[in-house]
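This report concerns only the one structure given below.
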Amino acid sequence: MTIRLDIVTAEQLVFSDDVDIVVAPGIDGELAVLPRHAPLMTMLQPGELRLRKGGEETLMAITGGFLEVRPDRVTVLADAAERAEDIDAARAEEAKRRAEERLSGKVSEADAARAEAALRRSLLRLRVAEKRRRRRSEL
Ligand code: ATP
């Protein structure tokens, strides 16, 4: 038994397929959704999203959004979502450096909150890219 998973952003359909399980970064912690999961709606926080289809696991970085479970499908509306292999680590390093630089100076509360969110996204991307790199070197 499988469940249909659609991951969409404002820009594109990032993923659409039948999967065995999806584990998403819910606002209250990791949320595992299997076929026949009870309907629910929750916000997501920036974090890892993992899905499995057959024997294969796909790792993604997701920067927040919503997740809805209906009887036959899961829909993720994501702020941004990237598969681990599509993450540009150099770009994330640069985003991290910029955010840290902003935070080290004198900034308004609003700018600090924005820089902190950018820092969190960059650290997430670096973590997910690194996790994939480690896994591949273990194979
Ligand atoms: P940057 O400052 O590098 O743009 P950001 O955190 O501000 O980073 P987002 O606003 O979260 O970027 O995302 C904008 C778009 O760029 C999204 O489509 C997202 O998937 C993509 N994106 C952002 N950073 C990366 C990255 N390091 N590798 C691949 N895609 C990325």
Side-chain angles (χ1 to χ4, degrees):
M1 234 196 134
T2 56
I3 188 163
R4 161 68 52 160
L5 171 65
D6 290 311
I7 302 177
V8 293
T9 67
E11 286 147 21
Q12 59 173 332
L13 179 62
V14 180
F15 183 94
S16 180
D17 205 346
D18 297 322
V19 301
D20 302 313
I21 182 172
V22 53
V23 181
I27 201 87
D28 300 315
E30 279 210 324
L31 176 75
V33 183
L34 290 149
R36 295 180 191 272
H37 192 289
L40 84 93
M41 237 176 117
T42 183
M43 283 176 74
L44 298 174
Q45 58 176 321
E48 264 179 49
L49 184 146
R50 300 190 300 278
L51 60 95
R52 206 167 62 222
K53 182 182 168 66
E56 217 175 296
E57 185 173 287
T58 300
L59 180 63
M60 301 184 70
I62 184 162
T63 65
F66 290 96
L67 176 146
E68 181 189 34
V69 184
R70 280 180 283 153
D72 61 335
R73 58 176 56 224
V74 183
T75 307
V76 174
L77 301 176
D79 296 330
E82 301 107 36
R83 290 169 196 252
E85 63 264 34
D86 294 334
I87 292 174
D88 179 342
R91 176 175 169 180
E93 281 287 358
E94 181 55 26
K96 172 174 175 279
R97 195 197 56 72
R98 273 198 317 271
E100 284 171 341
E101 191 178 290
R102 266 180 273 147
L103 288 168
S104 70
K106 208 168 157 329
V107 281
S108 70
E109 230 173 83
D111 284 346
R114 258 197 297 278
E116 272 160 19
L119 180 60
R120 202 166 166 205
R121 291 195 298 275
S122 67
L123 291 173
L124 164 69
R125 286 172 173 133
L126 290 170
R127 192 174 75 232
V128 169
E130 172 61 21
K131 192 164 179 178
R132 175 173 189 267
R133 209 181 54 74
R134 271 204 317 271
R135 276 192 193 170
R136 284 175 69 87
S137 68
E138 280 165 13
L139 293 177

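Order of appearance sets the numbers: ligands from 1, and atoms from 1 within every ligand.
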Completion exercise
In this structure, atom 27 (N) of ligand 1 is nearest to the protein heavy atom D88 O, 3.0 Å

Fill in the blank from the handout: Going by the 4.0 angstrom heavy-atom rule, the piece of E11 near ligand 1 is side chain

Problem - Distance in Å, R70 CZ paired with I3 CD1, rounded so as to fall on 0.5 Å steps - result: 10.0 Å

Exercise for the section: List every atom of ligand 1 that sits less than 4.0 Å from any heavy atom of A92, numbering the atoms from 1 in the order shown and giving each element. Expected result: 27 (N)

Completion exercise
Closest to atom 14 (C) of ligand 1 among protein heavy atoms sits R91 NH2, 4.1 Å

Exercise for the section: Please confirm whether the backbone N or O of L123 pairs with a side-chain atom of K96, one donor and one acceptor, at under 3.5 Å? Expected result: no

Exercise for the section: Could you tell me whether E94 and R97 have a side-chain N and a carboxylate O separated by less than 4.0 Å? Expected result: yes

Handout entry: Location of contacts on D86 toward ligand 1, heavy atoms closer than 4.0 Å
Key = backbone

Handout entry: Proximal ligand 1 atoms for I87, defined as those under 4.0 Å from one of its heavy atoms
Key = 28 (N), 29 (C)

Handout entry: Closest approach of any protein heavy atom to atom 17 (C) of ligand 1, naming residue and atom
Key = A80 CB, 4.0 Å

Completion exercise
When rounded to the nearest 0.5 Å, the distance separating OG of S16 from CZ of R4 is 4.5 Å

Problem - Option set R98, E94, Q12, criterion heavy-atom distance to atom 2 (O) of ligand 1, minimum - result: R98

Problem - Taking atom 12 (O) of ligand 1 as the reference point, the nearest protein heavy atom with its distance - result: R125 NH1, 3.7 Å

Exercise for the section: Before accepting this row, confirm whether a basic side-chain N of the pair R133/E130 lies closer than 4.0 Å to the acidic partner's carboxylate O. Expected result: yes

Fill in the blank from the handout: Out of E82, R121, K96, the nearest non-hydrogen contact to atom 10 (O) of ligand 1 is supplied by R121

Handout entry: Between CG on residue L49 and CD on residue E30, distance to nearest 0.5 Å
Key = 9.5 Å

Problem - Between OG1 on residue T9 and CD on residue Q12, distance to nearest 0.5 Å - result: 5.0 Å

